[in-house]
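Quick note: numbers below take in every heavy atom, side chains included, and nothing from hydrogens, waters or symmetry partners. Given the structure is predicted, the values throughout are model-derived calculations rather than measurements.
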Amino acid sequence: MNYLDELNPAQREAAMHLEGPLLIFAGAGSGKTRVLTYRVARLIETGVDPYHIIAITFTNKAAREMRERISAKTSLGEQVWVSTFHAACTRILRREIEYLGYKTGFSIYDTADTLRLIKECIKEQNLSDTNYPPRYVAQVISAQKNELISPAEYERMVAGSFRESNIADVYALYQKRLKNSNALDFDDIIFKTAELFAQHEHIREKYQNRFRYVMVDEYQDTNHAQYELVRHLSGYAQNLCVVGDDDQSIYGWRGADIKNILRFEKDYPGAKVIKLEQNYRSTSTILDAANAVIIHNEERTAKRLWTENARGGPIRIYTARDERDEGYFVAQMIARGIREGARYSDFAVLYRTNAQSRAVEDQFVTGGIPYRIFSGVRFYEHMEIKDMLAYLKAINNPADDISHLRVINVPKRGIGSASIAKIQAFAAENELTFSQALARASEIHDLGKKAAPAKQFAEYLDECAAFSAENSVLALIEKILHDTDYIRTIQDGTPEGAEREQNLKELLAKARAFENESDDTSLGKFLEDVALVADVDNYDENADAAALMTLHSAKGLEFNVVFMVGFEEYIFPTSRSIDAQTPSEMEEERRLCYVGFTRARRILYLTHAISRRRFDHIARNKTSRFLDDVPATCITSVNMYGEARNVKASGASPGMHGRAVRRQADDQPPNPHKGTRPLDPFRETSLREVSGKSWSIAPRESGHRGAAGSASAEKPREARSFKKSFEGGAGGTFSKVPPAKKTFSTKVAPPDFSAGDNVKHIKYGVGKVLEITPAGADYEVTVQFPGAGQKKFMSGLARLVRA
DNA sequence: GAATAAATTGTTTTT
DNA sequence: CAATTTATTC
């Protein structure tokens with residue numbers, strides 16, 4: 001119980017409030033996860049069986065984080081259900097879905113499967129996909145499901161409107177096809193669980209009794225379906241604890257409704273409301289900037305985050321020539337931090353869209369900076385992986401038409417679109433699934449010669465199903481790869497082909513890990529894991545690497561140094577939000593900016609490019625409007641070396657920058673390097689901040705030490721990653737030469753090795769130096785690695801050491 | 001009819 | 001610029 005000393009009064013009050021509804025308004029960095037973790041520990045300590053506790057999050061990353069922290073706090077913590085909405089609902093549905101007329105082995109359709117099925121339905125309704133773009137229709141249907149509106153209800157709602165009625169027809173057909181395929185889409189997972197609870201009282205009571213203590217993280221992101229679900233779950237005991245921050249609501253486009261959190265007190269009379277407004281994470285400068293941005297939003301509850309933390313250095317603005325220069329700048333800043341003793345995991349690069357990661361990645365690869373990319377091109381969305389998974393899904397669920405369709409001609413079996421259409425027509429006529437139609441292919445007239453391979457395919461899947469009953473998932477995948485000679489079909493001699501093969505190997509590794517780690521090793525469970533986790537797990541948890549991710553993915557995380565790249569109009573805020581007629585979209589962008597700023601503990605960089613390649617032309621964007629909201633006293637422009645612009649290296653120049661430096665000096669201990677290196681004070685400051693032994697931010701007055709905490713305890717474990725990217729991918733991109741002729745003010749020291757020497761690289765191991773050529777102020781080093789071939793590095797960035 | 005080559009089109013964000 | 005849709009060849 002002494003651990004309660006580590007909480008501030010508000011935090012403690014929240015952690016000790018165990019019975020009855022509880023709403024925690026938790027500002028960014030206010031120790032929210034800490035409170036939840038302690039609260040669970042407290043519940044268990046007072047005798048609550050962990051079996052009765054459920055904690056629901058939105059992302060897998062958040063779930064993993066919380067699970068680890070709960071387990072670390074209390075030994076019984078592992079018995080607590082900590083999972084995403086989707087994972088929790090899937091688990092419930094596996095047991096109970098037969099009450100809704102589905103079978104327990106249902107498939108989960110991802111976005112691509114969903115789109116494909118919707119396309120078919122549009123066609124089947126004789127609608128043109130130009131008048132009814134599948135993506136749009138998908139979005140409309142998704143929106144209805146998020147509002148718990150069934151096809152029949154939607155039909156009624158839009159009666160009279162020609163266009164919407166047609167969409168309603170598609171919705172109805174789509175839902176029918178899903179059910180016939182025994183499949184659920186992502187939205188159904190929530191929708192059907194809510195429906196289950198609404199329609200079946202005894203099921204609802206069963207789970208209400210099971211989950212007597214319900215906690216929901218990021219409550220501001222719940223949509224209506226999730227809201228209803230939570231109401232059902234917590235309906236009896238009312239031991240519901242929700243945590244959220246309306247300023248961090250960034251999923252409006254997915255149906256999230258801020259009103260859910262704002263009306264909590266009405267929904268749950270007698271609810272205790274606690275506000276956590278003290279931030280323990282960021283410097284006050286960063287917090288001031290974040291507050292200055294978010295204050296422009298109309299739709300928010302009045303509050304202001306405050307901190308006792310030191311002021312810290314100014315926010316650094318870098319104006320890049322283009323996106324390559326931008327990436328290079330980031331790489332260079334990280335490399336410098338590393339040389340001063342920081343770890344790669346201290347750094348994160350955040351961007352608005354996944355596409356932006358590329359330019360940064362390229363520069364990281366050339367610079368030899370290890371990185372992990374979170375939810376970029378997702379592993380399970382690769383063509384070859386989806387193909388294999390479609391085989392598995394077809395085997396696991398014979399009714400799954402979409403998966404059958406995907407692989408019937410992969411590899412080529414001579415069954416083209418015409419033959420497929422005939423089989424589908426036959427299936428429709430006789431009310432068969434696609435797979436049943438295949439088995440009776442010989443009855444389909446004018447299928448002719450194609451009947452044989454069709455039937456063969458059906459028989460092959462049966463064989464696999466029989467095999468699967470006796471063997472592991474791993475063995476099954478190996479069998480399919482072998483039988484179909486799939487790997488040969490994807491090997492086209494290009495680097496992409498090699499990459500695909502590598503991805504398949506990784507899938508095998510994933511299956512192997514699944515067998516070792518999961519207690520239920522069935523094919524169905526494997527597919528479920530895969531469907532609900534977008535990224536492949538990182539096998540090297542301890543690898544030290546910089547993080548690359550979208551602003552959305554970054555929510556809930558924190559880093560010592562954050563780079564927000566692409567801080568430009570039409571990128572962030574996105575062009576869509578600028579064009580939108582309603583202000584609410586722009587408000588959401590603003591909240592996203594607030595989320596981004598508040599990820600940073602010590603140093604925040606905002607970078608933008610003068611010109612940037614977008615589609616096929618070059619765009620010149622103004623700096624983001626959000627930059628205008630940040631007080632001038634909080635920011636400073638830096639040049640490509642990270643030095644404050646227009647400030648002499650002595651730091652003695654007057655004006656805003658000079659003041660900032662002196663202020664800085666008051667807050668920070670003396671610089672050990674002082675006098676030994678003629679560096680710019682900002683840079684010196686930043687280096688020391690980044691390289692200090694303890695990352696804790698010293699409070700100006702004695703505060704709550706625990707919560708300010710040592711960062712090693714607070715630091716989020718990078719839950720998932722994309723190993724392939726970390727490995728850097730094959731060939732090609734490595735030979736890229738960094739942006740031409742940068743002249744360093746202080747020239748990089750020549751490498752302490754020469755051609756012929758062996759050097760060690762952080763990723764590729766030991767290799768032989770072939771050539772060293774001066775490149776601007778740096779040196780380009782060509783190294784031959786036994787494993788990875790020939791690579792080029794910039795000496796100043798890549799940490800090559802003599803071996 | 002199927003496989004391949006050419007043309008076109010579109011980019012938020014996640015489960 | 002990549003991924004999907006449409007035109008052309010086999």
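If you check dT15(B), dT12(B), dA3(B) against the side chain of Phe186(A), the one that comes closest is dT15(B). For His86(A), the side-chain atoms get nearest to dT15(B) when compared with the rest of dA2(B), dT15(B), dT11(B). Considering only side-chain atoms of Tyr251(A), the nucleotide from dT15(B), dT14(B), dT4(B) that sits closest is dT14(B). Here the nucleotide nearest the side chain of Arg352(A), chosen from dA3(B), dT14(B), dT12(B), is dT12(B). For Thr550(A), whose side chain is taken as the heavy atoms from C-beta onward, the closest listed nucleotide among dT12(B), dT14(B), dA3(B) is dT14(B).
Between Glu589(A) and Arg352(A) there is a salt bridge, since a side-chain N of the basic residue sits under 4.0 Å from a carboxylate O of the acidic one. Look at Arg300(A) and Asp246(A) and you find no salt bridge, because none of the NZ, NE, NH1 or NH2 atoms lies under 4.0 Å from a carboxylate O.
Heavy-atom distances to DNA chain B give each of Glu589(A) and Ile420(A) a nearest nucleotide, and the one nearer the 5′ end belongs to Ile420(A). Comparing Thr84(A) and Arg413(A), the nucleotide of DNA chain B nearest to each residue sits closer to the 5' end for Arg413(A).
Among the atoms of the strands shown, only primed sugar atoms or phosphate atoms (P, OP1, OP2) are found under 4.0 Å from some heavy atom of Arg135(A). In this structure, Asn409(A) reaches the sugar-phosphate backbone alone: every heavy-atom distance under 4.0 Å involves primed, P, OP1 or OP2 atoms, never a base. Residue Phe85(A) is out of contact with every strand shown, counting any heavy-atom pair closer than 4.0 Å. Among the heavy atoms of the strands, none lies under 4.0 Å from Lys555(A).
Within the structure, every side-chain polar atom (N or O) of Ser577(A) is placed at least 4.0 Å from both OP1 and OP2 of dT12(B). Listed pair Lys119(A) / dT5(C) meets the phosphate criterion, a side-chain N or O lying under 4.0 Å from OP1 or OP2. Phosphate contact (OP1/OP2 of dC1(C), side-chain N/O of Arg614(A), threshold under 4.0 Å): absent. The phosphate of dT15(B) has neither OP1 nor OP2 within less than 4.0 Å of any side-chain N or O from Asn223(A). Phosphate contact (OP1/OP2 of dT15(B), side-chain N/O of Thr111(A), threshold under 4.0 Å): absent. Residue Lys422(A) places at least one side-chain N or O closer than 4.0 Å to OP1 or OP2 of dG1(B). Between Arg576(A) and the phosphate of dT11(B), there is no side-chain N or O to OP1/OP2 separation shorter than 4.0 Å. Considering only side-chain N and O atoms, Asn354(A) lies under 4.0 angstrom from the phosphate OP1 or OP2 of dT13(B).
Straight-line distance from the NZ atom of Lys412(A) to the C1' atom of dC10(C): 15 Å, rounded to whole Å. As a whole-Å value, the separation of Ile250(A) CD1 from dT12(B) P is 16 Å. Taking atom CZ of Arg64(A) as the reference point, atom C1' of dT15(B) lies 16 Å away to the nearest angstrom. Summarising the geometry, the separation between CG on Asn60(A) and C1' on dT15(B) is reported as 8 Å, rounded to the nearest angstrom. In this structure, CE of Met549(A) is placed 14 Å from C1' of dT14(B), rounded to the nearest angstrom. Nucleotide dC1(C) holds its C1' atom 12 Å from the NE2 atom of His617(A), rounded to whole Å. What separates CZ of Arg324(A) from P of dC1(C) is a distance of 12 Å, to the nearest Å. Rounded to whole angstrom, the span from the CZ atom of Arg599(A) across to the P atom of dT13(B) amounts to 19 Å.
Checked options Glu568(A), Glu323(A), Glu569(A); the residue passing with Arg612(A) is Glu568(A) (criterion: salt bridge (Lys or Arg N to Asp or Glu O under 4.0 Å)).
The aromatic rings of Tyr207(A) and Phe211(A) lie parallel to each other, their planes meeting at an angle below 30°, with 60° marking the opposite boundary.
Straight-line distance between the P atoms of dT4(C) and dT13(B): roughly 15 Å, to the nearest whole Å.
Stacking annotation: Trp253(A) is stacked on the base of dT13(B) (ring centroids less than 5.5 angstrom apart, interplanar angle below 30 degrees).
In this structure, Arg94(A) forms a cation-pi arrangement with Phe106(A), its terminal cationic atom sitting closer than 6.0 Å to the ring centre and no more than 45° off the ring axis.
Under 3.5 Å, the side chains of Asp322(A) and Ser611(A) contain no donor-acceptor pair of N or O atoms.
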Inset, instruction - Show the numbers, then the answer: is there a side-chain hydrogen bond (donor to acceptor under 3.5 Å, both in side chains) between Tyr109(A) and Asp188(A)? - result: CA-CA 10 Å; Tyr109(A) 279 180; Asp188(A) 278 341; over 6 Å; no

